[in-house]
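A, B, ... follow the sequence lines: proteins, then strands. Residue 1 opens every chain. Any value given below was found using the heavy atoms of this structure, including those in side chains, with hydrogens, waters and symmetry copies removed. Just so we're clear, the structure is a prediction, and the values are computed from it rather than from any experiment.
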Amino acid sequence: MLTWPEKYQGIFVMKKKLDLILKETLEKCFNKGVLEKTALPDYVIEIPNNTNHGHFATNLALALASSQRRPPREIAEIIVEHLVDTGDLLEGVEIAGPGFLNFTISREEWYRLLLEIASPEKDFGRSDQGAGKKILVEFVSANPTGPLHLGHGRGAALGDTLCRILEFTGYDVAREFYINDAGQQMRLLGESIYSRWRQLTEPEYPFPENGYHGDYILDLVKEISRSVDLKSLPEEEAISRCSELGKHTMLEEIKKDLEEFRVIFDVWSSESALYASGSVEEALEAIKEKGQLYEKDGALWIRTSLYGDDKDRVVRKKDGQYTYFASDIAYHLEKWKRGFSKAVNIWGADHHGYVQRMKAALKANGLDDSWLSVLLIQLVKLWKGGQEIKMSKRAGHYVTLKELVGEVGVDAVRFVFLTKNHDSQLDFDVDMVKRQDSENPVYYVQYAHARICSIFRKAASEGISLPDRPQEVLNELNLEEEMALVRLMAEFPPLLEDIARRLEPHRLTYYLTELASGFHKYFNLGTKEPDKRIVTDNVSRSQARLILAEAVRKVLVNGLCLLGISAPERM
RNA sequence: GCGCCCAUAGCUCAGUUGGAUAGAGUGACGGACUACGAAUCCGUAGGUCGCAGGUUCGAAUCCUGCUGGGCGCACCA
């Protein structure tokens, strides 16, 4: 039976303890009169980039400099001199640079954290930061007029990973796909299909202006003519059948492609349903009651300009038709009514101009600015053989998500889509991603996992496994590389919370690459120096290193899982 | 014309409430396996953080102006 420690002594606790020590120390200095009593300044306790700067560093002395009217280094010395050392947390403190305080945490404290990570019961990195908060993430939301392209894929990877991280950090998350299935574009889809069908027998039959040119339209023609006898219908009815069935088929396809991409939505909501249920009218009525609507030139306007938009916007046209904006407002008010404490939209960068007006419309309805966050994703450019593959949706020739996934695999596509900030353009080099070597960032991380699994197999073959009493072997861990790994893993939970707060999932790929790198580096020590291998002839040392390896493995698994990427045991 | 975003190594990009010597991958060059997986590791080279001011103990990060790029400014969807 394993005996693991129950109490979590992680990095939060360390930081909190340290902060307490600092506050008590200051109090002491004030009371003794060695420092002038002032309000607490804004200071930071952080993990320094440079390992020479200790495990934690604070700028407290620098922050005090102006109110104390003394040089920061002098203040730092006073603080160190009066440091209230309560427990066994600290191993050392140094004054450095202009007056930073660098703290070293005791080894025992790090061992406690390591056991916490490796513990089989604990989902390391999971937190309850978002407890009680319901958050709605709307993403992809592709029009059902064609297959998903790379931009949708990027949005899908971003949105899904964000959702996974939000869930892991305690939020109640709903993944939602909004179907723009009202209005002109559905009509155009129907006409495009119908026209292609007619052209089978009448090559001269006109194709609609702005119609959809892709080859998939021909597939839809085949599909539809199998179940419907278009010939027997009047033209108008045939087109509307084509529109209806085309949409249905496209949606099924989109759903299938997304599932293949490991993205499952909780809710599929539809624009046309908003009209059918009267939600659009209802929403406008509510806005009207707030006095935010007015008529001008025969159209109905909303006063978004009062709330940060450049100008007021039309919600109902002169011809009586509602604008797209009207249903969008209704949709977002619906989201609000469903009780979400926050909404996140992931939109293509071409919807840029929409953000401000959407927020303004919500504000006009009394909603807070920060309730809706919109993440805009920039273009994906595809490179192959050193050439950019130009795409044009209009002309109907573009690489679909399905094709790319078929070529390089889900793992690689998801990973690469998340290696960049959503706000910057992304170059996807197919050749690089297809190569099964170091140039491929996904393999780098997955390989670290497979390698650890391999080490466990090796250890097992020599009769070595994780110890029953891990506490008793841990002091075998004292290499700098080993402690660096522990410290790096300690940053995982706060990183996830930060990602959840700032909606920046791409940071996870960087972190995992860094962790994998730390492990590869550590592993390679053993090629030169056999006593630095994980599996050595010293059993307790091997066991200690297996605990470390297991901890790394768990963080890698959790991280990859959050990215929606597999963690293979062999490659 | 107005608004938003971006500008960091040859290339692609990280750099997160302003912190110490600005990082990684890739490309180039040179090294490391008869023993835990070389899909790995180590080393060298590479920078006026677009330009110019400002704020302060301290700026890639905040402010202003400029230059260069992207996107958006519909009674389209």
Side-chain angles (χ1 to χ4, degrees), chain A residues 42 44 46 48-50 52-53 57 59 62-63 65-66 71-73 96-100 102 143 145 180 182-188 210 271 296-301 310-311 313-319 321-325 327-328 348-357 376 378-379 383 419-421 423-427 429 432 435-444 446-448 450-459 461-462 498-499 501-502 504 506-507 509-510 513-514 516-517 519-528 530 532-536 542 545 549 570-571:
Chain A
D42 278 337
V44 185
E46 55 166 14
N49 301 322
N50 189 329
N52 294 328
H53 296 151
N59 62 347
L62 285 86
S66 62
R73 274 198 79 104
F100 289 101
N102 296 336
N143 296 341
T145 54
N180 286 127
Q184 193 56 18
Q185 53 200 346
M186 284 299 104
R187 169 80 195 178
L188 260 176
N210 297 327
E271 184 185 7
K296 192 182 88 184
D297 305 332
L300 194 59
W301 300 68
D310 297 339
K311 48 181 281 195
R313 306 288 172 175
V314 170
V315 289
R316 195 182 60 212
K317 295 184 269 180
K318 198 158 34 179
D319 65 7
Q321 293 260 355
Y322 293 105
T323 61
Y324 176 83
F325 191 41
S327 53
D328 231 19
D350 52 333
H351 288 70
H352 187 119
Y354 240 76
V355 178
Q356 206 175 22
R357 89 177 63 160
L376 297 174
Q378 297 289 339
L379 217 64
W383 291 74
T419 51
K420 306 251 185 303
N421 188 322
D423 217 8
S424 53
Q425 286 193 2
L426 187 145
D427 288 306
D429 186 334
M432 187 196 86
R435 281 165 71 169
Q436 305 205 345
D437 61 22
S438 58
E439 290 186 32
N440 188 323
V442 202
Y443 288 129
Y444 187 82
Q446 289 181 318
Y447 181 56
R451 186 173 240 180
I452 292 170
C453 293
S454 164
I455 291 166
F456 271 92
R457 289 191 293 268
K458 162 82 177 175
S461 77
E462 302 197 3
D498 217 33
I499 288 174
R501 225 176 293 124
R502 296 169 184 270
E504 292 173 334
H506 73 282
R507 290 169 61 192
T509 56
Y510 283 90
T513 303
E514 200 181 338
S517 165
F519 183 78
H520 286 313
K521 187 179 292 209
Y522 173 52
F523 176 90
N524 270 279
L525 292 176
T527 43
K528 275 285 176 61
K532 289 187 176 171
R533 291 173 186 229
I534 291 170
V535 181
T536 65
S542 301
R545 289 177 177 170
R570 297 171 204 268
M571 293 170 69

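Smallest separation of non-hydrogen atoms from A/Glu271 and A/Ser327: OE2-OG, 2.8 Å. Across every non-hydrogen atom of A/Val314 and A/Thr323, the tightest pair is O-OG1, 3.0 Å.
Put simply, CG on A/Leu379 is 14 Å from C1' on B/C6, counting in whole angstrom units. In this structure, A/Phe519 places its CZ atom 15 Å from P of B/A39, rounding to the nearest Å. Spacing between atom CD of A/Glu462 and atom C1' of B/C36 amounts to 8 Å, rounded to whole angstrom units. Distance, A/Glu514 CD to B/C13 C1': 15 Å, rounded to whole Å. Taking atom CG of residue A/Asp498 and atom P of nucleotide B/A14, one finds them 16 Å apart after rounding to whole Å.
Comparing A/Pro530 and A/Tyr510 against RNA chain B, the residue whose closest nucleotide sits nearer the 5' end is A/Tyr510. Along RNA chain B, the nucleotide closest to A/Arg502 and the one closest to A/Arg570 are compared, and the more 5′ of them pairs with A/Arg502.
A perpendicular orientation is assigned to the rings of A/Phe325 and A/Tyr354, their planes being inclined by more than 60° (bins at 30° and 60°).
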Pairing string, 5' to 3', for RNA chain B - Watson-Crick or wobble contacts under 3.5 Å, brackets [ ] where pairs cross, | to another strand: (((((.(..((((.....[...)))).(((((.......))))).....(((((..]....)))))).)))))....
Taking only nitrogen or oxygen atoms into account, show me every contact under 3.5 Å that the protein makes with nucleotides 72-77 of chain B, one pair per line with its distance.
from, atom 1, to, atom 2, distance (Å)
B/G72, O2', A/Gly353, N, 3.2
B/C75, O2, A/Lys318, N, 2.7
B/C75, N4, A/Asp297, O, 3.2
B/C76, OP2, A/Lys317, NZ, 2.8
B/A77, OP1, A/Lys317, NZ, 2.9
B/A77, O3', A/Ala182, O, 3.2
B/A77, O3', A/Gln185, NE2, 3.4
B/A77, O2', A/Gln185, OE1, 2.5
B/A77, O2', A/Gln185, NE2, 2.9
B/A77, N6, A/Tyr354, OH, 3.1

Give me the distances for all protein-to-nucleotides 42-46 of chain B N/O pairs that come in under 3.5 Å?
from, atom 1, to, atom 2, distance (Å)
B/C42, OP1, A/Lys521, NZ, 3.2

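As judged by a 4.0 angstrom heavy-atom cut-off over every strand, A/Thr527 is placed among residues making no nucleic acid contact. Counting non-hydrogen atoms under 4.0 angstrom, A/His520 reaches the backbone sugars and phosphates but no base.
A distance-only check finds a donor-acceptor pair linking the side chain of A/Arg73 to the backbone of A/Gly97 [under 3.5 Å].
Cation-pi check for A/Arg451 over A/Phe519 is not met; the charged atom does not lie both under 6.0 angstrom from the ring centroid and within 45 degrees of its normal.
Between B/C41 and A/Tyr444, a contact under 4.0 Å exists linking OP1 or OP2 to a side-chain N or O.
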